[in-house]
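Written below as structure tokens is the structure these notes are about.
Order of the sequence lines sets the chain letters (A, B, ...), proteins ahead of strands, with each chain counted from 1.
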Amino acid sequence: MFADSENVDGNVPVATYKEGLPYRRRDSGKGNGFPRDRKIRNLNKKIYQSLPLLAHPNGMIRNLNKKNYQSFHQFPHPNGMQVTDGKHPSEQLSAYNRLLRAGRLTECVELLEDMERNSLLDMNKVYHAKFFEKCKSQKAVNEAFRYTKLIPNPTLSTFNMLMSVCGSSQDSEGAFQVLRLVQEARFKVDCKLYTTLISTCAKSGKVDLMFEVFHEMVNAGVEPNVHTYGALIDGCARAGQVAKAFGAYGIMRSKNVKPDRVVFNALITACGQSGAVDRAFDVLAEMGAETQPIDPDHITIGALIRACANAGQVDRAQEVYEMIHQYNIKGTPEVYTIAVNCCSGDWGFACRVYDDMTRKGVVPDEMFLSVLIDAAGHAGKLDAAFEILENARDQGINIGIVSYSSLMGACSKAKNWQKALDLYEDLKSMKMRQTVSTVNALITALCDGDQLQKAMEVLSDMKGLGLSPNCITYSILLVASEKKDDLDAGLMLLSQAKRDRISLNLVMCRCIIGMCLRGFVKACTLGEPVVSFDSGRPQVDNKWTSVALMVYRDAMVAGVMPTMEVLSQVLGCLHLPYDVSLQDKLIENLGVSADISRCSNLYSLIDGFGEYDPRAFSVVEEAASLGIVPCVSLKSIPVVVDVRNLQIHTAEVYLLTVLKGLKHRLAAGAKLPNVTILLPLEKTQLLSPKGGDKTINLAGRVSQAVAALLRRLGLQYQGNESYGKIRINGLVLRRWFQPKLHVSPFMGKPGDWSSSQSRLGKGITHQQRDIRTGNLSSE
DNA sequence: TTAGGGTTAG
């Protein structure tokens, strides 16, 4: 029963107030890490805004500088033990206040609890609101509950503040826990408490629960006010439920509660979120049409800009931004951040926004700088990006990893790996705690700059920086290794990723399988042995095929849906090489002696028809069951095999799978239908000598491959592949499946089928085990 | 000693 051990204030795990469920800080989430992510930025903002003095649990100082280091040592030990030892309560309370100012909430609570154990605590001497305020800014629900427990006679306002902490932390469970505590203490739940509860549900995305609370409130005879409706509409807005938002607004109007700017702003946000830009402007008009007109504020402007930008109306967003001047709004960094971010393709506009802000004396915060640097990066203005940061630093603005991460992203976008590497070294020497996304941006820059070796060095550096590479790190590196066709590097990355418990994604899977296919094709071309007969049956057996199949399997297990491209590549790795001696060996392996010169179509007897490893069928059948390739009905007349949207290997195996199915139907005594194969066509324009263009159809690569396959198999077809459709006659097919064998006298009489049939029969039994009924053939 | 609103890429 411990709270998140990596709390923002970097403290030791603590027991929770609530029994059973541990409270977790909501802002320490995991992100995808490329090039930055919201959660990390939020976390960083919290860290830099509220906690200038950070100590890591292991005693390392996170935000390293001398001043911080000194102040760290002014504080008592995190375990709080030596604080109480023989010290006067007033001294302990001033220690408490110092800790509170530093935002070290867990230690604050521990100190108070320690005093309580020693019967030295008088909670009347502690200012409650300040503690709850800090809890709100740090989303420290757990500490807030523990603190409340120390108050001997909590009032309704105490619970209101506690509830408010839950609200800011989006902890609806905690909020309902507070409600229970209030009821247990026999207080009457007031409007403020209900409103905060509604707001908590709103922030946690629980719209239905929110309305339940609202109705309960009304039923309990508590009158909702403008704050309550504000929270309600906000909840609808966050959930993108415009209709409900206006519904709540309607109730509010019908109860004669006068809407204020907060309510209108929430309505505009709701419209913007669901793409209803015009309606957002209607709300703006409504604000001005009130008996006492309400001017827009910076939040209105921000919401309107976002509404426009969400709908792709960048020009309109820029017009809205100008309203800042019209209404003489000074604004806060947030609204300027929205403006730059929503129009980040327009570097000139971003610069104007930055100027306006500077002129109005609004100090940019880290988030704004980060977005501005992004915009510079998008515009390819790498020097400008560095300048922005230098200027900010000169102005004494606290710059953290969020902005530096954007700068790294800008280096990466500008494909300037040297600058990226310099920045990385600078960050290391500044002892700036880097994030995975920063390093991912560096690795991207290095890979783009064809510096795979350096990128791999950075990867091995990461662990030393206390960073765990994520799936994006490995994806970037694998893409680079594929670009260089460096399978060894790829396999090394793959095994390292496995060790790091990074599950395969499509990018990683595609890169490895792509390299495997290239390696396999090359080996086939060079005549290297890639097939073994060890199991008695021909099997494509080599390292490339094994790795490709393994990665394909692993990806499926990890829940990755393979694409047609990946499927085709895997099948490519199961393709038997065109090699006369191999073909002879395949026939020989059948164990029938036949006059090959008279009978060229023995391929129908071989598993995989001498073209593919039989495992290819299972792969395609599985792909059909997953909907990656369409299913074929073997019962329709004619059987239609549509390979128009398939790649070469897939098209080939797909067709062979149908043939295999029909072979089994024939063995079961069915009459074979005709088979129609639909082939893709490529149109090309011919200049006719008489003038005017003429469009003709050409057989594409897939069509040619399919036709060539049928010719190799000795299976006759009608029609021409350049018409997009060919046909195999059912009778022809039957004869092909039942070749007349000239069997050697040692094996039986000529024309005697028994031995080869029994062999064939065994083969079929074996194959039938692999077949999933209802997959490819929807019988 | 108490309540409602915003900011980040691909």
Any side-chain N or O of [X] under 4.0 Å from OP1/OP2 of [N]?
X: R238(A); N: dG6(B); result: yes
X: H128(A); N: dT2(B); result: no
X: R306(A); N: dG6(B); result: no

Handout entry: Main-chain N/O of I443(A) paired with N440(A) side-chain donor or acceptor, under 3.5 Å
Key = no

Tell me: [atom1] of [X] to [atom2] of [N], nearest whole Å?
X: I268(A); N: dG6(B); atom1: CD1; atom2: P; result: 14 Å
X: F368(A); N: dG6(B); atom1: CZ; atom2: P; result: 20 Å
X: M210(A); N: dA3(B); atom1: CE; atom2: P; result: 20 Å
X: Q170(A); N: dG6(B); atom1: CD; atom2: C1'; result: 13 Å
X: F211(A); N: dG4(B); atom1: CZ; atom2: P; result: 18 Å
X: E133(A); N: dA3(B); atom1: CD; atom2: P; result: 7 Å
X: K125(A); N: dT1(B); atom1: NZ; atom2: P; result: 19 Å
X: F264(A); N: dG4(B); atom1: CZ; atom2: C1'; result: 15 Å

Practice task
Indicate, with a heavy-atom threshold strictly under 4.0 Å, whether I338(A) touches base, sugar-phosphate, or nothing.
Solution key: sugar-phosphate

Practice task
Classify the nucleic acid contact of N124(A) as base, sugar-phosphate or nothing, counting any heavy atom under 4.0 Å across all strands shown.
Solution key: nothing

Any donor-acceptor pair under 3.5 Å joining the side chain of [X] to the base of [N]?
X: T332(A); N: dG6(B); result: yes
X: N225(A); N: dG4(B); result: no
X: D190(A); N: dA3(B); result: no

Exercise for the section: Decide, applying a 5.5 Å centre-distance limit and a 30° plane-angle limit (both strict), whether H227(A) stacks on dG4(B). Expected result: no

Proximal nucleotide (of [options]) relative to the [X] side chain:
X: D260(A); options: dG4(B), dT7(B), dT2(B); value: dG4(B)
X: V335(A); options: dG6(B), dG10(B), dT1(B); value: dG6(B)
X: E334(A); options: dG10(B), dT7(B), dT2(B); value: dT7(B)
X: M367(A); options: dG6(B), dT7(B), dG4(B); value: dT7(B)
X: T337(A); options: dG4(B), dT7(B), dT2(B); value: dT7(B)

Please check if the distance between the ring centroids of [X] and [Y] is under 6.0 Å.
X: Y321(A); Y: F349(A); result: yes
X: H128(A); Y: Y147(A); result: yes
X: Y404(A); Y: Y424(A); result: no

Exercise for the section: Could you tell me whether R253(A) and E290(A) make a salt bridge, using a distance below 4.0 angstrom between a side-chain N and a carboxylate O? Expected result: yes

Exercise for the section: Have a look at C201(A) and tell me which of T196(A), V207(A), L209(A) forms a side-chain contact (heavy atoms from CB on, under 4.5 Å) with it. Expected result: L209(A)

